[in-house]
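One structure is given here, and the rest of the page talks about it.
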Amino acid sequence: MVNLLIVEDDNAIHQLLIDILESETSYQYTSAYSGTEALMHLNHNSFDLILLDLMLLGMSGEEVLENIKYDGGAYRTARSWYWNKFGRK
């Protein structure tokens with residue numbers, strides 16, 4: 001089973017991602033609505049993939065990536081797929 005972290009502060013987009021993942025049986029997910037919340041989850045869990053919005057309020061998705069990049073934690077090797085309102089990066 002693939003363990004995902006969804007980091008998205010827009011409720012409609014967040015729910016759309018959850019609806020898509022719940023239609024598939026091979027995904028388990030954890031939700032975060034801010035960069036700070038994402039880092040809390042990353043400090044306590046390991047993930048196979050992080051779906052990350054770059055344009056978060058407060059700590060941006062780019063700042064989250066920098067924290068992941070420079071932290072020696074187990075989640076450092078997780079793959080990230082990130083986007084902003086202009087599309088996937």
Side-chain angles (χ1 to χ4, degrees):
M1 181 161 299
V2 177
N3 192 18
L4 299 152
L5 176 61
I6 301 170
V7 188
E8 173 58 67
D9 58 354
D10 182 295
N11 287 329
I13 296 171
H14 202 112
Q15 189 59 52
L16 175 65
L17 291 169
I18 288 171
D19 291 345
I20 292 167
L21 291 172
E22 286 181 344
S23 70
E24 300 289 331
T25 58
S26 60
Y27 295 105
Q28 178 179 336
Y29 67 88
T30 301
S31 291
Y33 292 87
S34 70
T36 303
E37 186 180 2
L39 291 176
M40 277 185 2
H41 286 298
L42 288 163
N43 281 327
H44 294 98
N45 303 291
S46 83
F47 297 95
D48 301 307
L49 179 67
I50 304 165
L51 302 177
L52 177 62
D53 178 8
L54 289 179
M55 298 178 72
L56 297 168
L57 296 176
M59 180 186 293
S60 73
E62 290 164 336
E63 290 173 298
V64 173
L65 287 172
E66 285 299 314
N67 276 282
I68 293 170
K69 182 178 176 181
Y70 292 113
D71 194 316
Y75 59 85
R76 199 172 146 203
T77 59
R79 295 176 189 255
S80 298
W81 191 74
Y82 47 95
W83 64 91
N84 61 28
K85 67 181 180 179
F86 304 108
R88 184 180 180 273
K89 292 268 187 170

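Positions are given from 1 along the sequence. Because the structure is a prediction, the values reported are computed rather than measured.
To the nearest 0.5 Å, atom OG of residue Ser31 and atom NE2 of residue His41 are 7.5 Å apart. Interatomic distance, Leu56 CG to Glu8 CD, rounded to the nearest 0.5 Å: 7.0 Å. The CE atom of Met55 sits 9.0 Å away from the CD atom of Glu62 when rounded to the nearest 0.5 Å.
Of the candidates Leu21, Ile13, Thr30, Ile6 forms a side-chain contact (heavy atoms from CB on, under 4.5 Å) with just one, namely Leu21.
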> Given the rule in the side-chain contact (heavy atoms from CB on, under 4.5 Å) test, do Ile68 and Ile50 qualify, once you have shown the distances and angles that lead to the verdict?
Replying inline: CA-CA 11 Å; Ile68 293 170; Ile50 304 165; 3.8 Å; yes
>> Using side-chain contact (heavy atoms from CB on, under 4.5 Å), reason through Val64 and Val7 one step at a time and then give a plain yes or no.
In response: CA-CA 10 Å; Val64 173; Val7 188; 5.6 Å; no
> Does the side-chain contact (heavy atoms from CB on, under 4.5 Å) test come out yes or no for Leu17 and Leu4, once each step is laid out?
Replying inline: CA-CA 11 Å; Leu17 291 169; Leu4 299 152; over 6 Å; no
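Between the side chain of Asp9 and the main chain of Ser34, no donor-acceptor pair closer than 3.5 Å is present. Panel note: side chain Asn3, backbone Ser46; a donor-acceptor pair is recorded below 3.5 Å.
The shortest non-hydrogen separation linking Leu52 to Gly61 is CD2-O, 3.5 Å.
Note on Tyr33: it does not cluster hydrophobically with Leu49, by side-chain heavy-atom contacts below 4.5 Å among ILVMFWY residues. Residues Val2 and Tyr29 are members of one and the same hydrophobic cluster, defined by side-chain heavy-atom contacts under 4.5 angstrom among Ile, Leu, Val, Met, Phe, Trp and Tyr.
Judged by distance alone, the side chains of Gln15 and Asp19 do bring a donor and an acceptor atom under 3.5 Å apart.
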